[in-house]
*Asks:* 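What follows is a structure written as structure tokens; I'll ask about it next.
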Amino acid sequence: MRLIVKYHPEINIKSRSVRKRFSKLLESNIRVIVKRIYESAHVIARWSDVVIETPDLSRELELEIIDAVSRIPGVDQYNEVVEYPFVDFDTAFKDVARHWQSEIEGKTFCVRIKRSGTHDFTSSELERYIGGGLNQAVESAKVSLRKPEITVKAELREDRFQVIKTHHKGLGGMPLPTQEDVLSLISGGFDSGVATYHLMRRGARTHFCFFNLGGKEHEIGVKQVSYEIWKRYSSSHKTKFIAVDFDPVVAEILTKIDNGLMGVVLKRMMMRAASQVADRLGIKALVTGESLGQVSSQTLTNLNVIDRVTETLILRPLIHLDKAEIIDTSRKIGTHDFAAAMPEYCGVISKKPTTRAVLSEIIAAESNFDMSILDDAVNNADVMDIRDIAKQAAEEVQELEQVTELPVDAVVVDVRSPDETDDSPLVLEGIEVIEIPFFKLATKFGDLDQSKPYFLYCDRGVMSRLQALLLHENGFKTVKVYRK
């Protein structure tokens, strides 16, 4: 197999020195990825393209390489070609007909030839000869120069004639790492995954920063989606995955911050922490999946207040997109199923969140916050090579027993926040119900009578399931989840 890989047009318009540097990076990235599949592959950079040659390769591996090249940033398009020596017009026609004659039956078509080198004829003359020959050879085909159903393409380079068998569209963008490194705040949902992809596509080596708000299950899920994005679009370069335990920070917010300000304060704490992580790694910019007006914390006023906590540049590639567009992109890039299965965190959600936070009020509210808790969370962050996630990514998320019918001796633990339980108390006839907010459960559960069967409850079943997983990890294996 022979692939001719074309640079993205943005590379071609760069100055000679920049274009040379970008093309070398793209060549290197292609070589790393292709040789991972087939060690004997040849990758050769030329001024206008990169040639991939894979002699004596099975079609299965050829298709794997074709698929891998489609996800390399900086590749505009690539063609699967068959090369012949150029003899004359008639031989060129026969070479083209060998691959295209059956394809144009019953279709309209045209022939397009790109030519480089010195010849005593024009590209148009060769196109007309080959097109006329195909038109005569296939009675059901018809030439259409304006809107053909099929475009037959070939390239003539000096005395080598390349017939294009299949044309593929590439990812576009810039090669990695033509831009500086960035740190993406990854949650595992639709938005952060798509935002991460966009920065990778623009040539920025993208590291992952995860604020764990939901225990082991959440972390495993986010590691899986992060690894998948990296493997598909950035595997030519190693990156880091940083997990920050944010449970203590959330607990402090829920205890110290007014309800309507919680969402904005949580985002400010995340930006503070991410900036510290970025600074330690020498990274100059953060990436978020925020989209203007999508939720209360993403109004212009609130985004402005959130940004005031750091001098680190914050990039928001999705700021102008609506949710449907983001979800459509997630399907195209292969993260949709991960995001759809990711449990949404239902902890710090204000009942009446402010959409126009006042900076002075936020600063005053944060004056009660113990910032050493945030510093400890960053200092104790788990930093790992994204490549080490492969084994962990294969883990099955533990399935918990969930019940809708309770035994008579059951004790239901309502893990919702105090505001939720005040507004809608859980009353179950004949069943004992106790209220322990999820952010206090880890420290309070051990004080309960362990001879009783406990069932955790929250409105959507997400937080109760995550907290049950954490209790299982801590040795409380009999805890189950109750769903109304």
Side-chain angles (χ1 to χ4, degrees), residues 29 32-33 36 71 73 176-177 179-247 249 269-289 312 314-315 317 330 333-335 337-339 341-343 345 374 376-397 466 469 473:
N29 296 345
V32 167
I33 290 171
R36 191 179 294 153
R71 298 191 302 272
L176 289 162
Q179 310 303 317
E180 294 175 90
D181 289 11
V182 298
L183 182 67
S184 178
L185 279 62
I186 188 83
S187 68
F190 294 107
D191 302 342
S192 61
V194 174
T196 300
Y197 155 78
H198 279 301
L199 266 294
M200 289 177 172
R201 184 178 176 275
R202 290 306 298 171
R205 179 161 50 186
T206 305
H207 305 269
F208 301 86
C209 184
F210 165 56
F211 294 106
N212 194 337
L213 306 173
K216 183 178 180 181
E217 181 182 10
H218 192 193
E219 182 169 336
I220 291 173
V222 174
K223 282 182 176 178
Q224 285 178 330
V225 70
S226 300
Y227 181 80
E228 184 68 16
I229 297 172
W230 170 82
K231 185 177 70 173
R232 290 175 67 86
Y233 303 106
S234 184
S235 65
S236 56
H237 291 79
K238 65 180 181 179
T239 60
K240 291 181 172 61
F241 181 93
I242 302 95
V244 183
D245 180 7
F246 237 51
D247 263 350
V249 177
M269 294 301 170
M270 287 180 173
M271 294 303 175
R272 284 187 174 101
S275 296
Q276 290 183 38
V277 172
D279 186 59
R280 294 178 186 185
L281 298 177
I283 296 172
K284 304 301 182 184
L286 308 178
V287 181
T288 79
T312 306
I314 301 174
L315 303 174
S330 75
I333 67 175
T335 61
D337 291 346
F338 287 95
M342 191 67 61
Y345 176 68
L374 185 72
D376 288 343
V378 174
N379 292 333
N380 295 323
D382 181 20
V383 181
M384 65 186 301
D385 189 318
I386 192 76
R387 296 171 296 181
D388 295 337
I389 291 177
K391 184 176 180 180
Q392 297 181 28
E395 290 183 28
E396 292 288 337
V397 176
L466 295 175
L469 277 170
E473 291 175 32

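Not measured: the values here are computed from a predicted model.
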*Asks:* Side chain to side chain contact (heavy atoms under 4.5 Å, CB included), that's the test. Do H237 and N29 meet it? Break it down for me.
*Replies:* CA-CA 8 Å; H237 291 79; N29 296 345; 3.0 Å; yes
*Asks:* Please name the pair of heavy atoms, one in R387 and one in W230, separated by the smallest distance, quoted to 0.1 Å.
*Replies:*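 Residues R387 and W230, closest heavy atoms: CG-CH2, 3.5 Å.
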*Asks:* Closest approach of T206 and L199, non-hydrogen atoms and distance?
*Replies:*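 Distance-wise, the nearest heavy atoms are OG1-CB, 3.8 Å.
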*Asks:* Restricting to side-chain hydrogen bond (donor to acceptor under 3.5 Å, both in side chains), what partner residues turn up for N380, sequence neighbours left out?
*Replies:*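 For N380 there are no side-chain hydrogen bond (donor to acceptor under 3.5 Å, both in side chains) partners, ignoring immediate neighbours.
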*Asks:* What pairs with N212 under side-chain hydrogen bond (donor to acceptor under 3.5 Å, both in side chains), at least two apart in sequence or on another chain?
*Replies:*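 N212: side-chain hydrogen bond (donor to acceptor under 3.5 Å, both in side chains) contacts with E219.
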*Asks:* Take S234 and I229, measure what side chain to side chain contact (heavy atoms under 4.5 Å, CB included) needs, and give me the verdict at the end.
*Replies:* CA-CA 7 Å; S234 184; I229 297 172; over 6 Å; no
*Asks:* Taking only residues two or more places apart in sequence, or in another chain, which ones meet F241 in a ring pair (Phe, Tyr, Trp, His ring centres under 6.0 Å)?
*Replies:*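 None.
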*Asks:* With sequence neighbours excluded, what pairs up with E228 under the side-chain contact (heavy atoms from CB on, under 4.5 Å) test?
*Replies:*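 Only K231, R232, F338 meet the side-chain contact (heavy atoms from CB on, under 4.5 Å) criterion with E228.
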*Asks:* Could you state the interatomic distance from CG (D385) to NE2 (H207), rounded to the nearest 0.5 Å?
*Replies:*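 One gets 10.0 Å once the value is rounded to the nearest 0.5 Å.
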*Asks:* Can you name the residues that form a side-chain hydrogen bond (donor to acceptor under 3.5 Å, both in side chains) with T196, not counting sequence neighbours?
*Replies:*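 With sequence neighbours excluded, T196 shows a side-chain hydrogen bond (donor to acceptor under 3.5 Å, both in side chains) to S184, given in chain and number order.
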*Asks:* Should T288 and M271 count as side-chain neighbours, where that means a heavy-atom distance under 4.5 Å?
*Replies:*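 Heavy-atom side-chain distance check passes, below 4.5 Å.
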*Asks:* Where do G289 and A195 come nearest, in terms of heavy atoms and distance?
*Replies:*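 Heavy-atom minimum between the residues: CA-CB, 3.8 Å.
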*Asks:* Excluding sequence neighbours, so at least two apart, what forms side-chain contact (heavy atoms from CB on, under 4.5 Å) with S192?
*Replies:*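 Residues passing side-chain contact (heavy atoms from CB on, under 4.5 Å) with S192: I186, S187.
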*Asks:* Any side-chain heavy atom of L213 sitting closer than 4.5 Å to one from M270?
*Replies:*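 L213 reaches M270 side chain to side chain.
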*Asks:* Applying ring pair (Phe, Tyr, Trp, His ring centres under 6.0 Å), name anything that partners F208, two or more places apart in sequence or on another chain.
*Replies:*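 Applying ring pair (Phe, Tyr, Trp, His ring centres under 6.0 Å) to F208 gives none.
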*Asks:* Residues in side-chain contact (heavy atoms from CB on, under 4.5 Å) with K284, at least two apart?
*Replies:*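 Partners of K284 by the side-chain contact (heavy atoms from CB on, under 4.5 Å) criterion, ordered by chain and then number, come out as E180.
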*Asks:* Evaluate the side-chain proximity of I33 to S235: yes if any heavy-atom separation is below 4.5 Å, no if none is.
*Replies:*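 SC-SC contact between S235 and I33 confirmed.
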*Asks:* Between L176 and S236, which heavy-atom pair has the shortest distance, and what is it?
*Replies:*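 Where L176 meets S236 most closely, the heavy atoms are CD1-OG, 4.2 Å.
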*Asks:* Checking A273 now: which residues fulfil side-chain contact (heavy atoms from CB on, under 4.5 Å) with it, not counting sequence neighbours?
*Replies:*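 F211, F246, L374, V378.
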*Asks:* Which pair of heavy atoms, one from A285 and one from L315, lies closest together, and at what distance?
*Replies:*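 Result for this residue pair: CB-CD1, 4.1 Å.
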*Asks:* For residues 235-244, which residue pairs qualify under salt bridge (charged side-chain N to carboxylate O under 4.0 Å, His left out), counting only residues two or more places apart or in two chains?
*Replies:*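 Sorted pair list comes back empty.
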*Asks:* Give every residue pair that meets the salt bridge (charged side-chain N to carboxylate O under 4.0 Å, His left out) criterion with at least one member in residues 184-204, sequence neighbours excluded.
*Replies:*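 Every salt bridge (charged side-chain N to carboxylate O under 4.0 Å, His left out) pair that includes a residue of residues 184-204, provided the two are not neighbours, is E10-R202, D191-K323.
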*Asks:* Scan T312, I242, V287 and name whichever one has a side chain to side chain contact (heavy atoms under 4.5 Å, CB included) with L183.
*Replies:*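 It is I242, the one option of T312, I242, V287 that forms the side chain to side chain contact (heavy atoms under 4.5 Å, CB included) with L183.
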*Asks:* So do the side chains of T335 and Y197 get within less than 4.5 Å of each other, counting heavy atoms only?
*Replies:*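 Sidechains of Y197 and T335: no contact.
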*Asks:* Could you tell me which residues satisfy salt bridge (Lys or Arg N to Asp or Glu O under 4.0 Å) with D245, sequence neighbours excluded, listed by chain and number?
*Replies:*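 Partners of D245 by the salt bridge (Lys or Arg N to Asp or Glu O under 4.0 Å) criterion come out as none, since no residue qualifies.
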*Asks:* Of all heavy-atom pairs between H198 and P317, which one has the smallest distance, and what is that distance?
*Replies:*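 Answer, listing the atom of H198 first, then P317: CB-CB, 4.1 Å.
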